[in-house]
*Asks:* 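Before we start, here is the structure in question, set down as C-alpha cells.
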Amino acid sequence: MHFVDITMFYAAEGGGVSTYLNAKAHWLASHSKVRHTIASPNVHSCDGVPALRAVPGFSFPGINGYRMPRSVGGCARVLRRLQPQLVEAGDAGHAAWTALRLKRQLGIPAIAFYHSDLPRLLADRFGQHAGHGAGAYLARLYRQFDLVLAPSRLMVQQLARLGVPGVLHQPLGIDAGVFCPARRVESLRFQLQLPPETRLLVYAGRFTPEKKLGLLLDAMRMLGRPYHLLLVGGGCALPEAPRVSILPFRRDQRQLARLLASCDLLVHPGDCETFGLIVLEAMACGLPVLGTRGGAVAELVDDGTGRLVEPNSAPALAAGIDALYRSDRARLGEAAAQKARAHYDWSAIMPQLMGRYASVLASSQRAELEASTVCVTD
C-alpha cells in the first residue's frame, strides 16, 4: 500500500501543513508497513522525512514564499511513477487537479484536505467578488473528490454553505512528548537581555498580513513595561516597535517547544485561521493563549485555557493580555496542557485519520468489485 500527499504548502520553513505531513510520515513509518511519499515543489532534501519527491515548480509572488507547481501534467507524471493506492491533495490548486487526474487514470481514491480559507484570503486581498468566485470554484472542485476533510468545524460549515456535501471534521495534532511544560528553561530572559520581571509574550508563525501582527505591535505600545513580545518566524518586514525581539523560525520542534514553554503566554491576533496548530503547541507547553473570536482558534481556546477577544482591535488585545496576567495563569496553563495532551496528541489523531482512509479505500474496492461484476454479467 502506498499513500501519496501532494501540496504546494509543504516546505522546510515549516507551517501547519508541513507539521501535519511530517507527523503522518513518521507515524506511518513506525506504526505500519504503508509506504508514504510527500510530493511538493518546495522539496529540496529529505531532512529526516522518510520519503519526499519534488515536482516541477516555480516561484510566484504573493504566496508567502511557497513555490507553485508548473503544471498538472508535470505533477501527474511524477505521481504516476509512484503508483499510489490513495492520494491526498493539500491545496486547492494544481495539487487538487493532479489528485483528480490520478483518480481517473489509476482508479484510486482522491482525498482533499482543506487547509487554507481561500475565499477569505482572496476577498481580503482582491475584494468580495474574488471571494465569491473562489467559493464557486471550491464547490465545483471538491464535489469531485471521494472525501473532503477540514481541520475545524468552522471550515466544515463554510464548505457546506458553499455546497460541498459530506465534509468531515479532522483536527490536526501535536507531539505531546515534544511540546510539554518540561521544555521550559529559566534562562530565556537572560539570553534576550531582559530583566527577570519581564512579562514575556510570544507569537510564532509566519509574518503575513492575515496574521494581524500590526495590531499586536500596537497593543504592545499600549501595554508598555514590563511587557515584552518575542516574535518567532519570518516573512514580511515588520515596523519597528519597542519591547519586541525577533528570532528566526525554529525548524527543530524541540527548539520551538523550548521557546514556547519558556514564555508566559501565547498571543495569536489573527482571525482567519483554519485551525491554529501553534495554539495547540503552546497549550501543550503549558501556556495560556490570548486569541480572537474570529477563525478556528476559538474552537481550541476556552475560559479554562485562556481568553478570547474581539478581532481587529489593538485595545481588545491589550486588555485581554492584561486580564490574563491578573488571572491564575498557572491554573490556566495546566488546564491548557492537559487539554492538548488528552485530545490532540498525534497518537490519537493519526489512527482517526487512518480510519477515514480505510473507509474510503473499502468503498473504492466495493465499487470496483461491483463494476467488474456488472461487466461479467453483461
Side-chain angles (χ1 to χ4, degrees), residues 14-17 19-20 22-24 26-27 115 149-157 168-184 200-205 232 253-254 256-311 317 320-321 323-356:
V17 176
T19 299
Y20 158 66
N22 287 341
K24 185 196 296 187
H26 289 299
W27 192 91
H115 289 290
L149 303 174
S152 62
R153 294 181 179 85
L154 181 67
M155 292 301 102
V156 170
Q157 294 165 4
L168 296 184
H169 175 217
Q170 179 56 63
L172 305 181
I174 48 96
D175 185 339
V178 172
F179 293 95
C180 60
R183 298 288 174 185
R184 182 178 180 88
L200 189 55
L201 317 174
V202 63
Y203 164 89
V232 182
Q253 288 200 315
R254 288 173 175 78
L256 176 60
R258 182 179 69 83
L259 289 173
L260 292 174
S262 303
C263 295
D264 296 334
L265 63 91
L266 179 92
V267 185
H268 196 84
D271 63 342
C272 57
E273 293 292 335
T274 58
F275 185 70
L277 188 57
I278 190 63
V279 169
L280 267 188
E281 292 169 343
M283 290 170 60
C285 288
L287 266 64
V289 174
L290 190 283
T292 75
R293 295 189 179 91
V297 168
E299 296 181 21
L300 304 175
V301 180
D302 54 43
D303 290 340
T305 58
R307 191 179 183 91
L308 297 170
V309 299
E310 291 303 312
L317 288 172
I321 292 167
L324 279 177
Y325 271 94
R326 287 186 281 106
S327 64
D328 188 345
R329 286 187 296 107
R331 179 183 58 80
L332 292 173
E334 183 178 343
Q338 196 280 329
K339 180 178 181 179
R341 286 195 306 268
H343 300 289
Y344 295 100
D345 188 75
W346 287 122
S347 63
I349 296 297
M350 283 302 168
Q352 184 183 74
L353 178 67
M354 291 305 112
R356 308 219 189 275

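Side chains are part of it too, since the values below use all heavy atoms of this structure and drop only hydrogens, waters and symmetry mates.
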*Asks:* Under 3.5 Å, is there a donor-acceptor pair between the side chain of R184 and the main chain of A261?
*Replies:* yes
*Asks:* Just how far is it from atom CD1 of I174 to atom CG of L277, taken to the nearest 0.5 Å?
*Replies:* 8.5 Å
*Asks:* Restricting to non-hydrogen atoms, name the atom on R307 and the atom on V301 that form the minimum distance, rounded to 0.1 Å.
*Replies:* N-CG1, 3.8 Å
*Asks:* Can you give me the closest heavy-atom contact between L260 and L287, atom names plus distance?
*Replies:* O-CD1, 3.0 Å
*Asks:* Sub-3.5 Å donor-acceptor pair from the side chain of D264 to the main-chain atoms of L200, do we have one?
*Replies:* yes
*Asks:* Using 0.5 Å steps for rounding, measure from the NE2 atom of H115 to the CG atom of L149.
*Replies:* 8.5 Å
*Asks:* If you round to the nearest 0.5 Å, how far is OG1 of T305 from CD of Q338?
*Replies:* 11.0 Å
*Asks:* State the CG-CD1 distance between L266 and I278, to the nearest 0.5 angstrom.
*Replies:* 6.5 Å
*Asks:* Could you state the interatomic distance from CZ (R254) to CZ (R183), rounded to the nearest 0.5 Å?
*Replies:* 5.5 Å
*Asks:* Does E281 use its side chain to pair, donor to acceptor, with the backbone of F179 at less than 3.5 Å?
*Replies:* no
*Asks:* Should the heavy atoms of other residues, nucleotides or ligands under 6.0 Å from CD of Q253 be counted, would the total exceed 12?
*Replies:* yes
*Asks:* Return the orientation label for the F275 and Y344 ring planes: parallel under 30°, perpendicular over 60°, tilted otherwise.
*Replies:* perpendicular
*Asks:* I'd like to know if the side chain of E299 reaches the main chain of R153, judged simply by a donor and an acceptor atom lying under 3.5 Å from each other, with no hydrogens or angles considered.
*Replies:* yes
*Asks:* Output the distance between atom CZ (R356) and atom CE (M354), rounded to the nearest 0.5 Å.
*Replies:* 11.0 Å
